[in-house]
Amino acid sequence: MIERLITNEEEMYDFGAYLHSILPEKGIVYLNGQLGAGKTTLVRAVLKAAGYRQHVKSPTYTIVEDYLLGKRRYLHFDLYRLADPEELEWLGMRDYLSDSLIFIEWAERGKGFLPDPDLVISLVVDNRLCRRVTLSGFSIEC
């Protein structure tokens, strides 16, 4: 397990670059944290480190955003608006699982339909200026 204290956006982007360096091409990353904890910002930081230069928006309303960088595919899910975990079947979640690095916010809303994560990242707001980020690796070395 790794724990870091992040006090500003620049440090979050540096942490995103670190994550990019350790994450495999395929896998599932759960992002835990309250609203405003920095989950989407962290995904934005990983994508920037991967070379993505366009705007990265939160998938709160679209549920999933898809990014293809060279041969590497990144998917960013936000399950906050999911009313029932079975909706993941209707969204074709299984089709996404084979060839992508997948970030999932609010994974607990997909319980029973999501596979186990390779990595869990928890973001806790200590105060308005500080985020405590904890990595718990299951099949990914941290």
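In this chain, residues are counted from 1 in sequence order. As the structure is a prediction and not an experimental result, all values here were calculated from the model.
Of the possible donor and acceptor atoms, none in the side chain of R73 sits under 3.5 Å from a partner among the backbone N and O of S100. Looking only at distances, a side-chain donor or acceptor of E87 sits under 3.5 Å from a matching main-chain atom of D84.
Linking Ile, Leu, Val, Met, Phe, Trp and Tyr residues whenever their side-chain heavy atoms come within less than 4.5 Å leaves Y52 and L68 in two separate clusters. Linking Ile, Leu, Val, Met, Phe, Trp and Tyr residues whenever their side-chain heavy atoms come within less than 4.5 Å leaves V124 and L31 in two separate clusters.
Summarising the geometry of C130 relative to L5, their closest heavy-atom pair is SG-CD1, 3.2 Å, with the distance given to 0.1 Å.
Between the CZ atom of R109 and the CG atom of L79 there is a distance of 8.5 Å, given to the nearest 0.5 Å. With rounding to the nearest 0.5 angstrom, the CZ atom of R4 is 9.5 Å from the CD atom of E11. Here CG of L119 is found 7.5 Å from OG of S136. Values are rounded to the nearest 0.5 Å. Between the CD1 atom of I121 and the OH atom of Y30 there is a distance of 13.0 Å, given to the nearest 0.5 Å. Atom-to-atom distance recorded for H76:NE2 and R44:CZ is 8.5 Å, nearest 0.5 angstrom. To the nearest 0.5 Å, atoms NZ (K111) and CZ (F113) are separated by 13.0 Å.
With contacts defined as side-chain heavy-atom distances shorter than 4.5 Å, the pair F15/V46 does not qualify. In this structure, L101 and L75 have side chains that are not in contact, with every pair of non-hydrogen atoms separated by 4.5 Å or more. No side-chain heavy atom of W106 sits under 4.5 Å from any side-chain heavy atom of L82. With contacts defined as side-chain heavy-atom distances shorter than 4.5 Å, the pair N8/Y13 does not qualify.
Side-chain contact annotation: E9 with T41, donor-acceptor N/O pair under 3.5 Å absent.
The side-chain contact (heavy atoms from CB on, under 4.5 Å) test with V29 singles out one residue from I104, V43, L23, and that residue is L23.
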If you apply the rule side chain to side chain contact (heavy atoms under 4.5 Å, CB included), what do you find for E108 with N32, and how did you get there? CA-CA 9 Å; E108 65 275 10; N32 297 332; 4.2 Å; yes
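More than 12 heavy atoms of other shown residues, nucleotides or ligands fall within 6.0 angstrom of atom CZ in R72.
Between Y74 and F103, the ring planes lie parallel to each other; the angle is under 30°, not in the 30° to 60° tilted range.
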